Colleague: 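Structure below; questions to follow.
Since this is a predicted model, take the numbers as computed values, not measurements. The figures that follow rest on heavy atoms only: side chains count, while hydrogens, waters and symmetry mates do not. Reminder, nothing fancy here: chain letters follow the sequence lines and each chain counts from 1.
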Amino acid sequence: NAGVTQTPKFQVLKTGQSMTLQCAQDMNHNSMYWYRQDPGMGLRLIYYSASEGTTDKGEVPNGYNVSRLNKREFSLRLESAAPSQTSVYFCASSEAGIPFNEQFFGPGTRLTVL
Amino acid sequence: GDSVTQMEGPVTLSEEAFLTINCTYTATGYPSLFWYVQYPGEGLQLLLKATKADDKGSNKGFEATYRKETTSFHLEKGSVQVSDSAVYFCALSTANQAGTALIFGKGTTLSVSS
């Protein structure tokens, strides 16, 4: 049982390049999330998917797109990377219907945009 | 909107010292409250949680009590260890179903020396 996995672990991009961050969970969770973590800012929600086939914007969606490929996988795409997108990206998942929305996090992707 | 405020760090303690990390929140409705911990180089892990007023969450010697009257959820531990060195995040959720993301504080770095 791997939990939540993310690839890659590290990535360096040049401004204007594109890339997709991959996330998969094996806990049969309905809901999945993408956060970014910046120093002194805590975690901020980029996008989330309440269930397969649905996606919604979070607090900081600009410059990103997402795809809920199936129940297991939720990818985050940067179409034209900017230095402001240098951050650590975390994917998380949770089970629908539980009262206190416990989320399980992946190990993160550290992205640097030059 | 909903928000979480936690004390800024870093907090530096000697082994076996008493720990308090303050957390207060602003929320409509009846939030669930959480403490997550992030060890160096890892993703976030749920440390403890409380879903209603006066509930006490506890785990690994850490405790926090949901105080509705003071809108607080302070984290405490009677005797810290070097292995407790990590970043601690207070978070809330006002949803009773998955699909709504957590709102995080900015995190407090704890450093424990022997």
Colleague: With respect to chain B, which residue among P39(A), S93(A), G42(A), A92(A) yields the maximal number of heavy-atom pairs within a distance under 4.5 Å?
Modeller: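 Greatest number of close heavy-atom pairs with chain B: G42(A).
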
Colleague: Would you say the side-chain atoms of N30(A) and S51(A) include a donor-acceptor pair closer than 3.5 Å?
Modeller: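 There is no such pair between these side chains.
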
Colleague: Quick check on Q37(A) against chain B: is it the side chain, the backbone, both or neither that has a heavy atom closer than 4.5 Å?
Modeller: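 Interface part for Q37(A): side chain.
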
Colleague: Please classify the contact of L44(B) with chain A as side chain, backbone, both or neither, using a heavy-atom distance under 4.5 Å.
Modeller: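 It is both, since atoms from each part get that close.
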
Colleague: Which region of Q38(B), side chain (C-beta onward) or backbone (N, CA, C, O), has a non-hydrogen atom less than 4.5 Å from a non-hydrogen atom of chain A, or is it both or neither?
Modeller: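 It is the side chain, since no backbone atom gets that close.
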
Colleague: Might you point out which heavy atoms bring W34(A) and Y89(A) nearest each other, and give the distance in Å?
Modeller: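 Smallest interatomic distance, heavy atoms only, reads CZ3-CB, 4.1 Å.
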
Colleague: Taking N59(B) for the side chain and L48(B) for the main chain, is one N or O donor matched with an acceptor at less than 3.5 Å?
Modeller: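 Absent.
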
Colleague: Atom CD of Q103(A) and atom OH of Y36(B): how far apart are they, to the nearest 0.5 Å?
Modeller: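 Between Q103(A) CD and Y36(B) OH, I get 5.5 Å after rounding to 0.5 Å.
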
Colleague: Report, by ascending residue number, the residues of residues 105-113 of chain A in heavy-atom contact with chain B at a distance under 4.5 Å; give 'none' if the set is empty.
Modeller: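 Interface residues of residues 105-113 of chain A: F105(A), G106(A), P107(A).
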
Colleague: If the plane angle is over 60° it's perpendicular, under 30° parallel, otherwise tilted; pick one for F104(B) and Y35(A).
Modeller: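 Rings of F104(B) and Y35(A): perpendicular, as their planes differ by over 60°.
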
Colleague: Please name the pair of heavy atoms, one in W35(B) and one in C23(B), separated by the smallest distance, quoted to 0.1 Å.
Modeller: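 Scanning both residues, the minimum pair turns out to be CZ2-CB, 3.5 Å.
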
Colleague: Within a reach of under 6.0 Å around CD of E16(B), are more than 12 heavy atoms found that belong to other residues, nucleotides or ligands?
Modeller: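 Result for CD/E16(B): open.
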
Colleague: So, for D55(B) and A50(B), which heavy atoms are closest and what is the spacing to 0.1 Å?
Modeller: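 Closest approach of D55(B) to A50(B): CB-CB, 3.7 Å.
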
